[in-house]
Amino acid sequence: MPARLIGINHVALEVGDLQAALALYRRLFDFELRGYSAHMAFLEMGDQFLAVSEGRSQGPDDDRHFGLVVDDEDAVRAAVEAAGLPHRRSMGGGVRFRDPWGNNFEVVAYERIQFDRTPGVKRVLGIDDLEKNAGARCEIAEKGMA
């Protein structure tokens, strides 16, 4: 039997300039650093993290992307606009954009997705009050995860 996929521990991104990437990402998102070195940083997301390393050499991503979950999708959209990054609405209604190094982001609101955080992780992230909308609750129930 093959191993069952059960989650994502982290996503690793490469950027051309770590300091510039951290400055941009801080304008787009609120996060703490889990760890940091001269050429790598780890952005805390409770029990997951985003690893950002310096040294990107490939061209920009096209359809290849990763999805981040946030507490306020509209705030990300506004920050992306303020940063002057081209963006569009994703098929699911989120925000799609590329950073200056070609990493393709899709950002969606916690309330609209099946992904759920444990009470302890919600507490650490300061999102105890976030709830799922009716559509997400229905999807969770249909899969027997409620």
Side-chain angles (χ1 to χ4, degrees), residues 3-137 139-140 143 145-146:
R4 179 178 300 275
L5 287 172
I6 59 172
I8 295 174
N9 173 256
H10 69 278
V11 172
L13 304 178
E14 293 177 319
V15 297
D17 181 317
L18 182 60
Q19 293 307 315
L22 289 175
L24 172 64
Y25 298 162
R26 285 198 185 283
R27 289 173 34 209
L28 304 178
F29 308 109
D30 180 22
F31 61 87
E32 300 294 326
L33 288 178
R34 176 181 284 197
Y36 178 82
S37 70
H39 300 287
M40 185 165 244
F42 304 95
L43 287 60
E44 182 70 53
M45 295 187 295
D47 58 350
Q48 302 165 336
F49 61 96
L50 190 61
V52 182
S53 64
E54 199 167 69
R56 184 169 175 123
S57 59
Q58 71 269 26
D61 297 327
D62 291 322
D63 287 331
R64 181 180 54 204
H65 69 280
F66 65 99
L68 292 178
V69 180
V70 297
D71 61 345
D72 189 342
E73 194 175 284
D74 292 331
V76 173
R77 186 174 285 106
V80 166
E81 288 175 6
L85 298 172
H87 66 285
R88 63 182 171 83
R89 187 171 294 277
S90 70
M91 288 177 47
V95 183
R96 288 286 296 263
F97 68 93
R98 273 195 214 105
D99 69 12
W101 304 278
N103 295 300
N104 196 349
F105 290 71
E106 181 173 3
V107 180
V108 296
Y110 178 80
E111 69 182 17
R112 294 190 297 113
I113 62 163
Q114 293 176 25
F115 169 84
D116 206 359
R117 303 312 307 245
T118 65
V121 172
K122 287 178 79 171
R123 185 183 65 255
V124 167
L125 291 172
I127 60 169
D128 300 82
D129 59 335
L130 287 185
E131 299 294 332
K132 299 296 182 181
N133 68 17
R137 285 193 307 271
E139 289 174 353
I140 290 168
K143 286 191 169 183
M145 298 186 302

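For reference, positions follow the sequence shown, starting with 1.
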Once the angle between the rings of H10 and F49 is folded into 0 to 90°, is it parallel (under 30°), tilted (30 to 60°) or perpendicular (over 60°)? parallel
Taking every non-hydrogen atom, the tightest pair across L125 and G46: CD2-N, 3.4 Å
Side-chain heavy atoms of F115 within contact of I8, under 4.5 Å: no
Just wondering, do V107 and L28 contact through their side chains at under 4.5 Å, heavy atoms? no
Does atom CD of Q58 have more than 12 heavy-atom neighbours, drawn from other residues, nucleotides or ligands, at distances under 6.0 Å? yes
Separation between CD of E54 and CH2 of W101, rounded to the nearest 0.5 Å: 9.5 Å
Is the shortest heavy-atom distance from the side chain of V95 to the side chain of E73 under 4.5 Å? yes
Would F29 and L68 count as a side-chain contact (heavy atoms from CB on, under 4.5 Å) here? Give the steps. CA-CA 10 Å; F29 308 109; L68 292 178; 4.0 Å; yes
Please name all residues satisfying side chain to side chain donor-acceptor pair (under 3.5 Å) with S53, sequence neighbours left out, ordered by chain then number. none
d(D99 CG, L13 CG) to nearest 0.5 Å is 7.0 Å
Give a yes or no on whether the backbone of R98 and the side-chain of N104 come within a donor-acceptor separation of less than 3.5 Å. no
Minimum-distance pair of heavy atoms, taken over all atoms of A109 and V69: C-CG1, 4.3 Å
Could you go through the salt bridge (Lys or Arg N to Asp or Glu O under 4.0 Å) check for E44 and R34 one step at a time? CA-CA 5 Å; E44 182 70 53; R34 176 181 284 197; 3.0 Å; yes
Taken to the nearest 0.5 Å, the spacing of R137 CZ from Q114 CD works out to 13.5 Å
Which heavy-atom pair separates L18 from A38 by the least distance, and what is that distance? CD2-O, 3.8 Å
Can you tell which of D72, N133, D71, D116 makes a side-chain hydrogen bond (donor to acceptor under 3.5 Å, both in side chains) with Y110? D116
Distance check, rounded to the nearest 0.5 Å: M45 atom CE versus N9 atom CG? 9.5 Å
Once you measure the plane-to-plane angle for F105 and F66, does it fall in the parallel (<30°), tilted (30-60°) or perpendicular (>60°) bin? tilted
To the nearest 0.5 Å, what is the distance between CZ (F97) and OG (S90)? 11.5 Å
State, yes or no, whether a side-chain contact exists between D128 and P119 at a heavy-atom distance under 4.5 Å. no
Do K122 side-chain atoms and D129 backbone N/O form a donor-acceptor pair below 3.5 Å? no
Give a yes or no on whether M145 atom CE has more than 12 heavy-atom contacts from other residues, nucleotides or ligands under 6.0 Å away. yes
Using modelled atom types and a 3.5 Å cut-off, is there a donor and acceptor pairing between side-chain atoms of R56 and backbone atoms of D17? no
Determine whether I113 and K132 make a side-chain contact, defined as any pair of heavy atoms from C-beta on separated by less than 4.5 Å. yes
Value rounded to 0.5 Å, distance of CE in M91 from CD in E106: 9.0 Å
Non-hydrogen side-chain atoms of L33 and L43 separated by less than 4.5 Å: yes
Sidechain-backbone polar pair: R89 side chain, G92 backbone, donor-acceptor under 3.5 Å: no
